[in-house]
Amino acid sequence: MEPLLTASLVSTVPKSEVPVPQTGLRERGNSPWLGGESVPSAAFVTYQSLERGLTPFWQMPGAALAPATTASAFMDWAVHLLASPAKQWEIAQYGVEQWLRAWHAIGSGAEAAQAMPQDKRFVDPAWHERPFGAMAQVFLLQEQWWQRATTGVPGTTQHHEQMVSFAARQWLDMVAPSNFIATNPVVQRRTVQEGGANLMRGLVHAAEDAWHEAADLPPVGAEAFEVGRDVAITPGRVVLRNRLMELIQYTPTTRTVHAQPVLIVPAWIMKYYILDLSPGNSLIKHLVDSGFTVFAISWKNPDRDDRDLGMDAYADLGVRAALQAIGSIVPGAKVHAAGYCLGGTLLATVAAALGRSGDSPLQTLTLLAAQTDFTEPGELALFIDEGQVAFLENLMAQRGYLDKRQMASTFQMLRSNDLIWSYRLHNRLLGERQPVSDLMAWNADGTRLPSRMHIEYLRGMFLRNALARGEWEVDGQPVSLGDIRVPIFNVGTVQDHVAPWRSVFKLHALTDADQTFVLTAGGHNVGIVNPPGGAKSSYRMRDWHAGDRRLRPDEWIEATPSVPGSWWTAWVKWLGGHSKRRVAPPAMGAPAAGLAPRDAAPGTYVRQR
């Protein structure tokens, strides 16, 4: 298959020693461009190389949004709004109604608008006193008006409408009365009580944060969670290392183990130890203590020399290499393979290819907050269209990778109220350093993405939905998720902004394999890192078999009762039910097969910055 980067990018970088591409997208015509029908001219290739050479001078470092994409969304909305008197009249009338409600609230002290359940900015009783209650009410009514004004404009594309509505929320979050001393009664009360000491602490906190950001250091407090000392401490050894990953085999803690081992395939947009945090928060330790032989992939943090690594490399040097090694360490045993987020999407493509061959080494397949159909990928799709992908190509051309700061800024915008403004309120205005948890420390330990892989993934999955449409290729042939025949345990999380559970649920329609779908409380990370014993933990679980009626998501919710507890317990029971017998633990590694035990877990790749 032809390389999936543009000709100019390939011509300006040194060749990397990577396997011949085997995983990717079916080409259209003779064009190596994904989604393109014509080959770029030599002049264009030359000028594009020059353009990308100038990129650092005209693009802000850390930028996450393409200016052209943002401007086109605004223009689409504005032009169609100007062309629709009906919509103008509607929002004008609604504006008058909102101002009348505001005047009534100001005069009577009554509440004319309610904040969303997840909005905690105005929960303090001081926000119900004058004049602060009126400020909060005016703000909430403004939010409602802007929501009406940015949606339902005839002629505006859905993508642009969502972008404009999202941008309006960002601006409103920034100017909320809770963000300023003069309009926040809680801050004023604290300032009077402490004689301004809270604001002095806030200045110190701001200086510390600025220094850590400029020096690319972990946030203050994260030093309490050192990898290999406080987190990622489940005992084990690295049994395989290649240029892309280390395979860790964990030391058993039970006298016997299930005959079928477990392979964990994390996403490479995160370090693997999100699944091996502190001992009480470690899914890997939970599996080991439950009698499973566990292997986990720890991905290398790529640099500019890895720019040509694509999805094919992650499949071959990652999942396939791991399965081959496990086959040597535990001969004859099939594998319970589990993939998280992007790792789950990759694992699904490999599982489909293995199912197509008719000789799959998999016993079961578990997908954790992993999408296989990208028709409704949630708010993350706001940042992904052709213009945005072209912007990212230029951004990555110099370095050869997407920096972790670009990813961090994108995810922060998805939850700006919680991750930006609430943080600043507590740290800068109230002078409170919120304690750092193991999950928060992990979240700050970011990774990079190779340019080729990132563009393949965005264009192939998000823009073309190639996997669900049967257009994603492995070994030169398109794969079908319908070829997955092993039982599937599929987990979605209720508040997921990265892989919305309704999107994860779509796997029901893509394969006839037996499926157990679990919907757990929490978000993309907290919902998965959900150990037993949590007071608020709950989940819903239902099995589906070929021939059963496929329920729509809302039907599934209504028909599936909530169960208190952690889905970890249900998964371990499910894995045990799909395992055959207990055996003595296998030896560590397989020296005769070139898999001698190496460094102690967590290995070396996880420590790369």
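The basis for the numbers below is simple: all heavy atoms, side chains too, and nothing from hydrogens, waters or symmetry mates.
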Look at the side chain of R237 and the backbone N and O of A596, then say whether any donor-acceptor pair between them is shorter than 3.5 Å. no

Not counting sequence neighbours, which residues clear salt bridge (Lys or Arg N to Asp or Glu O under 4.0 Å) with R550? List them please. D512

Is it true that D359 and S357 share a donor-acceptor pair across their side chains at a distance under 3.5 Å? no

Does any N or O in the side chain of N394 come within less than 3.5 Å of the main-chain N or O of F391, such that one atom is a donor and the other an acceptor? no

N530 versus W567: any side-chain heavy-atom pair under 4.5 Å? yes

Counterpart residues, salt bridge (Lys or Arg N to Asp or Glu O under 4.0 Å), relative to D403 (two or more places apart): R399

Any salt bridge (charged side-chain N to carboxylate O under 4.0 Å, His left out) involving residues 585-604? Give me the pairs, sequence neighbours left out, ordered by first then second residue. R241-D599

Residues 322-371 vs ring-ring contact (aromatic ring centres under 6.0 Å, His included), sequence neighbours excluded, gives Y340-H524

Going by the angle between their ring planes, with limits at 30° and 60°, are F505 and W501 parallel, tilted or perpendicular? perpendicular

E379 side chain to H497 backbone, donor-acceptor under 3.5 Å: no

Assess whether side-chain contact (heavy atoms from CB on, under 4.5 Å) is satisfied between Q388 and D385, documenting all intermediate values. CA-CA 5 Å; Q388 181 70 17; D385 57 22; 3.3 Å; yes

NZ (K334) with more than 12 external heavy atoms under 6.0 Å: yes

Is the backbone of K506 close enough, under 3.5 Å, to the side chain of D373 for a donor and an acceptor to pair up by distance? no

Do you know which two heavy atoms are closest between A513 and W544, and how far apart they sit? O-CZ3, 3.6 Å

Qualifying ring-ring contact (aromatic ring centres under 6.0 Å, His included) pairs with a residue from residues 300-327, counting only residues at least two apart or across chains: W268-Y314, W299-Y314

What is the minimum heavy-atom distance between P450 and P302, and which atoms define it? CD-CG, 3.5 Å

For R549, salt bridge (Lys or Arg N to Asp or Glu O under 4.0 Å) partners two or more places apart: E555

Roughly how far apart are S480 OG and W472 CH2, rounded to 0.5 Å? 15.5 Å

Would you indicate whether the side-chain heavy atoms of T560 and L551 approach each other to under 4.5 Å? no

I need the T69 OG1 to I384 CD1 distance, nearest 0.5 Å. 11.5 Å

How far does CG of L362 sit from CG of L347, to the nearest 0.5 angstrom? 6.5 Å

Let me see the working for Y272 and I284 under side-chain contact (heavy atoms from CB on, under 4.5 Å), right down to the final yes or no. CA-CA 10 Å; Y272 89 94; I284 288 175; 4.2 Å; yes

I want to check something: taking the side chain as every heavy atom from C-beta on, are L575 and Q260 in contact at a cut-off of under 4.5 Å? no

OG1 (T511) and CG (N490) are apart, to the nearest 0.5 Å, by 11.0 Å

Closest heavy-atom pair and its distance - D305, R243: O-NH2, 3.4 Å

Please determine whether side chain to side chain donor-acceptor pair (under 3.5 Å) holds for the pair Y273 and D445, giving the CA-CA distance in whole Å, both sets of side-chain angles, and the decisive distance to 0.1 Å. CA-CA 10 Å; Y273 69 90; D445 191 7; 2.8 Å; yes

Under the rule for side-chain hydrogen bond (donor to acceptor under 3.5 Å, both in side chains), what residues qualify as partners of T256, not counting sequence neighbours? R582

Is the backbone of R609 close enough, under 3.5 Å, to the side chain of R448 for a donor and an acceptor to pair up by distance? yes

Show, in sequence, the C-alpha distance, side-chain angles and deciding distance for W556 and L519, and conclude whether the side-chain contact (heavy atoms from CB on, under 4.5 Å) test is met. CA-CA 10 Å; W556 190 94; L519 180 62; 3.8 Å; yes

Quick one: pull up OG in S451 and CG in L402 and give me the separation to the nearest 0.5 Å. 9.5 Å

Less than 4.0 Å between a side-chain N and a carboxylate O, is that true for R464 and E471? yes

Mind checking what makes side chain to side chain contact (heavy atoms under 4.5 Å, CB included) contact with A68, not counting sequence neighbours? none

What I'd like to find out is whether the side chain of T293 reaches to under 4.5 Å of the side chain of V262, using heavy atoms alone. no

For T447, side chain to side chain contact (heavy atoms under 4.5 Å, CB included) partners two or more places apart: K271, N301, M407

Those residues at least two apart in sequence (or on a different chain) that pass side chain to side chain contact (heavy atoms under 4.5 Å, CB included) with A601 are I248, Y250

Which is it for E246 and T604 under the side chain to side chain donor-acceptor pair (under 3.5 Å) test, yes or no, and what are the steps along the way? CA-CA 8 Å; E246 291 177 328; T604 59; 2.6 Å; yes

Smallest heavy-atom separation, A322 atom then I297 atom, equals CB-CD1, 4.0 Å

Per side chain to side chain contact (heavy atoms under 4.5 Å, CB included), M245 is matched among L240, V265, V238 by L240

Would you say CD of Q324 has more than 12 non-hydrogen atoms from neighbouring residues, nucleotides or ligands within 6.0 angstrom? no

List in chain and number order the residues that pass salt bridge (Lys or Arg N to Asp or Glu O under 4.0 Å) with D514, two or more places apart in sequence or in another chain; answer none if no residue qualifies. none

Quick one, F292 and V572 - any side-chain contact, counting heavy atoms below 4.5 Å? yes

Could you tell me whether the side chain of Y401 reaches within less than 4.5 Å of the side chain of M453, counting heavy atoms only? no

Side-chain heavy-atom pair N525, T493 within 4.5 angstrom cut-off: no

Could you pull out all residues at least two apart from A267 that satisfy side chain to side chain contact (heavy atoms under 4.5 Å, CB included)? I269, M270, C341, L342

All heavy atoms of P377 vs all of F462, minimum pair found to be CB-CE2, 3.6 Å

Run the numbers on Q371 and S503 for side chain to side chain donor-acceptor pair (under 3.5 Å), then give the verdict. CA-CA 6 Å; Q371 297 179 92; S503 182; 2.6 Å; yes

Do L367 and V504 pass the side-chain contact (heavy atoms from CB on, under 4.5 Å) test, and can you show the C-alpha distance, the side-chain angles, and the key distance before you say yes or no? CA-CA 9 Å; L367 301 179; V504 173; over 6 Å; no

Between T254 (side chain) and V257 (backbone), is there a donor-acceptor pair under 3.5 Å? no

Report yes if some heavy atom in the side chain of M311 is under 4.5 Å from a heavy atom in the side chain of L346; otherwise report no. yes

Residue pair A353 / R320: nearest heavy atoms and the distance that separates them: CB-NH2, 4.5 Å

Within this structure, what is the CZ-OG1 distance for the pair R502 and T375, rounded to the nearest 0.5 Å? 13.0 Å

